[in-house]
Amino acid sequence: MIATRDAYGEVLAELGGENDKIVVLDADLSGSTKTGVFAKKFPNRFFNMGIAEANMVGTAAGLASVGKIPFLSTFAIFAAGRGWEQIRQALAYPKANVKVVATHGGVTVGEDGGSHQSVEDVAIMRAIPNMTVIVPADGEETKGAIRAAAAYKGPVYVRLGRNKVPSVFPAGHKFEIGKGVVVVPGTDLTFITTGLMTAQAVIAAEKLKAEGISARVLHIGTIKPLDKELVEEAARETGAVITAEEHSVIGGLGGAVAEFLGENCPTLMKRVGVYDRFGTSGKSDELLKYFGLNAETLIEEAREIVSRKK
Amino acid sequence: MKEKIADLEEKARRLRVAIVKTLHKSQSGHTGGSLSAIDMVCALYFHKMRHNPQEPAWDGRDRFVLSKGHAAPALYVTLAECGYFPSEDLMMLRRLGSHLQGHPDSKGTPGVDVCTGSLGQGLSMANGMALGLKLDGKDNRVYAVLGDGELQEGQVWEAAMAAAHYKSDNLCALIDSNGLQIDGDVSKVMNVSSISDKFKAFGWNVIEIDGHDMGQIIAALDAAEAHKGAPTAIVAKTVKGKGVHLFENKASYHGVTPNDEELPEALKCLGCFD
Ligand SMILES: Cc1ncc(C[n+]2csc(CCOP(=O)(O)OP(=O)(O)O)c2C)c(N)n1
């Protein structure tokens with residue numbers, strides 16, 4: 001179990017040694033976002049921009065235009081929030097080679113409360129043309145995703161979390177942008193999941209098996225571009241889909257899957273996520289329970305959707 | 001006057017005790033910046049501002065914006081001391097179901113007018129309040145407390161420009177200049193000095209004070225009220241973690257709460273032995 005942000009700090013420092021074009025920017029949160037690990041190793045390629053996120057995005061765009069590969073980090077709410085239009089204008093529109101790696105996404109930020117719990121960043125980023133949006137499930141996938149983002153030419157948004165999460169993928173797992181992964185095979189329904197909800201779906205699938213329900217788990221690490229092939233295959237083969245994410249049910253993974261299936265393969269569907277409301281203060285684990293972001297909810301929804309299939 | 005000042009100093013000491021106890025209980029929240037701002041918040045609520053704890057939405061009230069929203073404990077203990085809500089509520093800070101959110105939330109907490117927490121937005125909101133109150137021909141005043149790190153946000157200077165442009169002399173910004181932010185010294189992370197010169201250049205009336213000297217705080221608030229034709233910035237030199245030597249001038253105590261070992265020592269520093 002490690003936090004995806006810790007994996008980010010580690011791999012970023014490795015990448016820094018492999019490619020001297022990589023530069024890193026932060027906005028007074030380098031201890032929390034883990035870019036401090038890079039800053040320590042490569043102080044002259046690290047720029048602390050202070051509490052000024054919009055300026056940080058524009059600066060990264062400038063660095064990219066002279067051949068650097070900038071990674072910029074802050075909390076998801078400030079990256080996607082305070083930097084939205086700058087990301088749109090200065091990064092996505094010109095296809096700038098900048099990687100926005102936002103930490104502390106979702107409700108697991110915890111006690112800081114609703115002002116800091118970003119439940120809409122994926123929707124915001126997904127709506128921007130040219131943007132690639134990645135939400136890794138665990139530390140191992142984060143390392144792969146960061147390496148893939150560095151190798152990819154163009155703007156990428158990677159959303160990471162604050163807390164330790166269970167591992168889903170083995171060491172050395174290869175991440176490919178735009179490719180989903182069937183983590184558990186199954187025939188009665190499919191959990192299409194992202195971020196920390198994938199580990200919960202694996203637990204749910206295991207428990208459902210004992211009840212005679214065969215649940216597939218399809219992990220979507222790249223929300224955009226969506227792996228349409230695997231999503232459609234899952235819908236056709238299992239006839240029922242439950243999406244799950246630590247994000248609003250509006251506009252994130254659930255939105256992406258619903259939009260695609262609605263037009264191409266209408267399927268019995270349910271979205272698990274935060275239901276159009278703000279976060280609230282509380283401990284991370286309490287909040288996951290409070291918002292129903294756990295295996296228990298997935299099991300209940302699975303039973304329900306399978307009964308509706310008949 | 002001397003008595004008044006002594007009275008406020010004693011209030012501030014008790015509020016510091018409440019901050020330390022509250023943060024120890026919640027084990028989550030911001031210690032340093034709450035202790036640096038508390039003297040000014042105390043002077044505002046117990047000396048300067050017109051407000052009515054029995055009627056939080058009273059039309060005749062002056063307005064307060066905690067732009068550096070992470071210092072919410074400083075605001076909460078003050079509101080509780082005023083009687084906006086029972087002080088037992090403080091023990092629920094940052095808990096699930098509590099009305100005391102990690103950052104000020106106007107939807108749930110009596111006495112809180114604006115949601116803050118994302119830095120750099122408060123001065124715009126405060127100037128909006130000031131403009132609106134003036135439009136209605138009211139003489140109510142608006143006070144906003146900002147951090148010095150927070151001044152790195154460009155929006156602060158957009159607000160500074162607008163407030164001077166519209167001659168919002170019913171607006172007063174108090175800059176809690178403790179010299180530290182999360183990643184270290186403000187001067188090293190992203191230098192904002194000279195704060196006074198910057199506000200002056202934007203057309204503000206500027207008063208420099210020691211933000212822990214109650215006499216100076218009161219004099220500055222009075223002078224701000226008397227100044228016509230431009231908003232006033234009170235640039236207050238403060239100490240992050242002020243009052244508890246364990247926390248003073250340490251960036252590491254920005255978002256760290258007192259633990260069980262530190263609590264007795266912290267309370268002793270504040271002259272609290274119960
Ligand atoms: C827009 C935004 N970016 C980043 C943060 C995270 N953050 C919270 S407090 C803080 C440092 C604030 O420093 P300062 O304004 O000097 O406050 P003080 O030292 O008085 O506590 C940061 C970067 C935030 N709350 N809002």
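In the text below, chain A, chain B and the rest are named by the order of the sequence lines, each starting its count at 1. Since the structure is predicted, the reported quantities are computational estimates derived from the model, not experimental observations.
Other residues, nucleotides and ligands place more than 12 heavy atoms under 6.0 Å from the OH atom of A:Tyr275. More than 12 heavy atoms of other shown residues, nucleotides or ligands fall within 6.0 angstrom of atom NZ in B:Lys250. When the shell of 6.0 Å around NZ of B:Lys237 is examined, it contains more than 12 heavy atoms from other residues, nucleotides or ligands. Within 6.0 Å of CZ on B:Phe85 lie more than 12 heavy atoms contributed by other residues, nucleotides or ligands. Counted within 6.0 Å of CG on A:Asp276, heavy atoms from surrounding residues, nucleotides or ligands total 12 or fewer; the atom is thus considered open. The neighbour count for A:Arg126 CZ, taken as heavy atoms of other residues, nucleotides or ligands under 6.0 Å away, is above 12. Annotation for B:Lys198: atom NZ counts as buried by contact number, over 12 foreign heavy atoms lying within 6.0 Å.
Taking chain A as the reference chain and counting heavy-atom pairs below 4.5 Å, the highest number among B:Glu153, B:Lys188, B:Glu150 is found for B:Glu153. Residue with the most contacts toward chain A among B:Gly29, B:Gly102, B:Ser98: B:Gly102 (heavy-atom pairs, distance under 4.5 Å). The choice from B:Pro104, B:Gly149, B:Gly108 that makes the most heavy-atom pairs within less than 4.5 Å of chain A is B:Gly149. For the options A:Gly110, A:Ser30, A:Gly113, heavy-atom pairs under 4.5 Å to chain B are most numerous at A:Ser30. Of the listed residues (A:His116, A:Glu53, A:Met49, A:Glu286), the greatest number of heavy-atom pairs within a distance under 4.5 Å of chain B belongs to A:His116. Counting heavy-atom pairs closer than 4.5 Å to chain B, the top residue among A:Ala54, A:Gly114, A:Gly50 is A:Gly50.
Neither the backbone nor the side chain of B:His70 has a heavy atom closer than 4.5 Å to any heavy atom of chain A. In this structure, the portions of B:Gln121 lying under 4.5 Å from any heavy atom of chain A include both its backbone and its side chain. For a residue to count as touching a neighbouring chain, one of its non-hydrogen atoms must lie under 4.5 Å from one of that chain's; by this rule B:Ser28 touches chain A with the side chain only. With a threshold of 4.5 angstrom between heavy atoms, B:Ser26 does not approach chain A through any atom at all. Both the backbone and the side chain of A:Ser281 come within less than 4.5 Å of a heavy atom in chain B. With a 4.5 angstrom heavy-atom cutoff, A:Asp112 touches chain B via backbone and side-chain atoms both.
In the model, A:Thr280 has a side-chain atom that pairs as donor or acceptor with a side-chain atom of B:Gln101 under 3.5 Å.
Between the CG atom of B:Asp183 and the OG1 atom of A:Thr35 there is a distance of 7.5 Å, given to the nearest 0.5 Å. Rounding to the nearest 0.5 angstrom, the gap separating the CG atom in B:Leu119 from the OG atom in A:Ser115 is 9.5 Å. In this structure, CD in A:Glu111 is found 11.5 Å from NE2 in B:His103, a value given to the nearest 0.5 Å. In this structure, the separation between CD on B:Gln152 and CG on A:Asp28 is 6.5 Å, given to the nearest 0.5 Å. Between atom CZ of residue A:Arg82 and atom CD of residue B:Gln155 there is a gap of 5.0 Å, rounded to the nearest 0.5 Å. Expressed to the nearest 0.5 Å, how far CG of A:Leu287 lies from CG of B:Leu96 amounts to 5.5 Å.
Of all the heavy atoms in B:Gln181 and A:Ile51, the pair that sits closest is NE2-CG1, 3.6 Å. For B:Ser118 against A:Phe78, the heavy-atom pair with the smallest separation is OG-CE2, 3.6 Å.
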